[in-house]
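This report refers to the structure that appears directly beneath it.
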Amino acid sequence: MKIWLQQQLAEYLHRLHRQLKLLRQRAYATGLTPLRISAQPPMVHVQDPWKAPPAAAPLKSLHELLSWQANSQPFDSLLKATVPLPKAKSPDHQPDRPRLLVCHDLHGNYHSDALPQGDQDSDYYRLTQWSSIDTFVYFSHALVAPPPPGWINAAHSNAVPVLGTFITEHESGSLLCELLLWTEQSAEAAAMQLAQIASYYGFDGWLLNIENPVLQRLIPNLVHFIRVLRKVMHEMVPGSQVVWYDAVTTEGILEWQDTVNDLNLPFFKAADAIFINYTWKEDTPAQAAAVAGVRKHDVYMGVDVFGRNTYGGGGMTCDVALTAARSAGLSAALFAPAWVWEVGNQPDWLQRQQQFWDKIEACWEAPRALVCQLPFSTCFDQGAGSARFSEGELQSQQPWYNLSCQSPQPTVRLPSTRFDPFTGRFQTQLSDQLSDHLSNPPPLVASLCNDFAFRSGSCLQIKGNVAPGVSASVEIFTADLLIPEPGLYVSFTYKAPAQPTPTHMELWCWMEPSIAVTAPACAASSRHTQGTAHILAMLQPHGVCLVSPDVDTSHIPVEQCEERTVQHSNGWLTLYYRLPSHLPDFAHLTLRSIEVAAVTPVKPDAAIISADNCLGYVGQIDLTEWESVIQVPSISAITFSDVIWTAPSTNADSGEERHASASEQDPVDAPSVLGTKAPEEVSQQVQTDTAASVSSTDKSKVIWLYVTLGFPPDVVGTVSNFEVFYRLVDSASSKADLPVPMSNDDQGWTWLGIASAHQFRVTQLEIPVSVTAVEFAVQAADVLGKLVLFQNATKAMLDRP
């Protein structure tokens, strides 16, 4: 009885507290009580921007938002995305089906992922399961949170649009809303600034989260703000989105509705979509769908992966809530899927993430095609690695993290892995029963491999059971690509181990005619759409073979397809092909699917291959127009600007400072360090400390170098990333022209980092005092449609004053 009374009293006090809170909010919203702000603004330490690594950061005040201007901060251009959203994924409206939105929040964000030039934390959170995601939101509790370029580039490479976050919360948020929404003109000014920020940095819209009470008389201005932002965004960034979060109501009260109703419907109508709070109940989706009507796909039912009062419990049971939303025809929004990184044992977070997405993908269809425009290239780079490889050879053993390097990920669901406590290994989950291999070979299994790579930091591993003399394939990309005139250029790089059973890999391209087929037809294939003819181009080491389960291909001249082979180090082999845009008796062909196949030789005494046997690795796949392969990438020159040499002393900045004179730099007038630099000009700032100078009598052993490398954007061909190297030149060594190593050999070159823009900021490079010059080299990291590797890097020498 006593316990029951305590429970009743606790529930009563909770209800009373909630009622008092609502009364206070209502009194504020109607203007009966003033807002009380007692918190003092925090002290902010401003770091020298010329010495700090370039980093993305949020805007934390209304003043910062309204005064924002493009290129107003040092290295602001490095924070712009360099990978545009594919045109085929930029429609005027979203797909007419239930969609999945991912809202990423990891400790407030802006950590290692905020550095546009990357970090050495190779185990930091990254996402590769893009095939199930329709929209990605970068979330932070700061006022304006533009996504870092790494996330934008990675998502765009996988045809996923990216949204930033605009959020106000707590009492300070209410005061900010008063200023922001005081007039329609003030609301329009803020909306215009948000649209310009998105357009400049290259992302695709905003999540609006007003999570505080708002004066009721200002609600019409809030609706006007949403409507104007949506209109301006659509004009400046075609295909953009403005998503409203279910928090404040039309009465100005902070009261999450957990559905769509009259208290948030005006906000929903003014926006492109609504993100429903995650504390909804089992019957809520049906109610929300009834209110939303024809716009039910624009309703995202929120699911908190941390499970805070969320339907289904969150965590590994998020599929319960997603199934409930999808069954009502609604979309869903996953909040904080980086939960897999934040909880549990850190070393196995990748396996935990794969298991998490296995359950999501089991209940959420991913019908979209990734290969929809040219050029297309992937080396299965995840945006991080324990080392870097180039043409199959080890280039650097330095761990790295740079999401801008992430290449398109497989669109067909890869298998999960499980940990075997007896062997101490993670193993791919394959069926324990071996079926009849000759009549029904089990499918191959593809999984990402981090141990080595052909290029960058990872590749695709192929495992499975293949009977002797039988081909088996696994689909890795879905496509919707009309093959252009005069043909499609395809390169396929793989390696196959010789043990235990030698195999060779093939790339299979399924195509279908765009209009009716006049060739003799056979029975419709059960593999693809019934009633549609399909042609399979099997890209083999010895050539191209055209087959079809639907039509007679015996009369098709395969000599129209050209191929060549290049052998690389460590067993990697690249096959180059040219596929025609059409065939005799066929209309123009459309690429529908890309598969990887493995073939084992016929041996009378061949044993059945074990389920976890590795059959081969796929290093890279390139698709581009045939005419574009004659373009050779080139970098005209490297320029230096914003150069600072300084002693590594705590009081170095307080010592004497000397700017290099014009005569020391160039016969022309030298521009200011803070001004705009011409590409051919060099501005240098030499900082010395009187107590610790860099003279020959100084006891200091090293100095620090800060410099911005520029390589003009007159690059011919398609280059998405550049690799930067440096080597030191001292009085004892010559300035001989040494080639940049493609592997980790000893030529004095050190891999410095990756640039996704045509600039690279070198910060705090430690230089021995005996060094007289530093030589830098830049080369293309990945180039589409190349016949040979871009071997010759562009180099430039920077002499020490």
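Residues T590 and E512 bring no donor and acceptor atom of their side chains to less than 3.5 Å of each other. In this structure, a donor-acceptor pair under 3.5 Å is absent between the side chains of W400 and Q398. No side-chain donor from either of T411 and S131 sits under 3.5 Å from a side-chain acceptor of the other. Side chain to side chain, E595 and S473 meet the donor-acceptor criterion of an N or O pair below 3.5 Å.
For the pairing with F477, the ring-ring contact (aromatic ring centres under 6.0 Å, His included) check across W130, W508, F376 returns one residue only, F376.
Geometrically, K495 engages F452 in a cation-pi contact defined by less than 6.0 Å to the ring centre and at most 45° from the axis. In this structure, R592 is not positioned above the aromatic face of W510 in the sense of NZ or CZ being under 6.0 Å from the six-membered ring centre and within 45° of the axis.
Smallest separation of non-hydrogen atoms from I152 and V162: CA-CG2, 4.0 Å. Among all heavy-atom pairs drawn from S458 and F380, the shortest one is OG-O, 2.6 Å. A pairwise comparison of heavy atoms in S112 and D119 identifies OG-OD2, 2.9 Å as the closest pair. Residues F776 and W749 approach most closely at C-CZ3, 4.2 Å, considering heavy atoms. The two atoms that bring D204 and P161 nearest to each other are OD2-CA, 3.3 Å, heavy atoms only. Among all heavy-atom pairs drawn from G314 and T317, the shortest one is O-OG1, 2.7 Å.
In this structure a side-chain-to-backbone donor-acceptor pair under 3.5 Å is missing from Q129 to L127. Side chain of Y401 to main chain of Y125: a donor-acceptor pair is present (N/O by atom type, distance under 3.5 Å, no hydrogens or angles). For the pair N570 (side chain) and G392 (backbone), a donor-acceptor distance under 3.5 Å is present. At distances below 3.5 Å, at least one donor-acceptor pair connects side-chain atoms of N153 with backbone N or O atoms of V83. Remark: the backbone N or O of R761 is paired with a side-chain donor or acceptor of Q117 at under 3.5 angstrom. No side-chain donor-acceptor contact under 3.5 Å links N158 to the backbone of V160. R352 contributes a side-chain N or O that, together with a main-chain N or O of V340, makes up a donor-acceptor pair within less than 3.5 Å.
Using a 4.5 Å heavy-atom cutoff, the side chains of I483 and M511 are in contact. Counting heavy atoms from C-beta on, the side chains of N450 and L350 come closer than 4.5 Å. Looking at heavy atoms from C-beta onward, Q353 lies out of side-chain contact with W341 at the 4.5 angstrom threshold. At least one side-chain heavy atom of F725 sits under 4.5 Å from a side-chain heavy atom of Q395. The side-chain heavy atoms of M316 and W339, taken from C-beta on, include a pair separated by under 4.5 Å. Counting heavy atoms from C-beta on, the side chains of P375 and D622 never come closer than 4.5 Å.
Taking the six-membered ring where tryptophan is involved, the planes of Y138 and H104 are tilted, since the angle between them lies from 30° to 60°.
Between H568 and F454, the ring center distance clears the sub-6.0 Å criterion. With ring centers used as reference points, Y726 lies 6.0 Å or more from F760. In this structure, F139 has its ring center closer than 6.0 angstrom to the ring center of F335.
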Under the side-chain hydrogen bond (donor to acceptor under 3.5 Å, both in side chains) rule, what do Q409 and T128 come out as? Steps first, then yes or no, please.
CA-CA 6 Å; Q409 301 295 302; T128 57; 4.7 Å; no
Test side-chain hydrogen bond (donor to acceptor under 3.5 Å, both in side chains) on S456 and R388 and set out the steps.
CA-CA 5 Å; S456 199; R388 278 191 68 83; 3.1 Å; yes
One pair to check against ring-ring contact (aromatic ring centres under 6.0 Å, His included): F136 and W151. What are the steps and the verdict?
CA-CA 9 Å; F136 178 85; W151 278 111; 4.8 Å; yes
Carefully, step by step, assess Y577 and Y489 under the rule ring-ring contact (aromatic ring centres under 6.0 Å, His included).
CA-CA 6 Å; Y577 304 90; Y489 178 75; 9.3 Å; no
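By the 4.0 Å N-to-carboxylate-O rule, R455 lies too far from D381 to be salt-bridged with it.
A search for ring pair (Phe, Tyr, Trp, His ring centres under 6.0 Å) contacts involving W357 returns nothing, not counting sequence neighbours.
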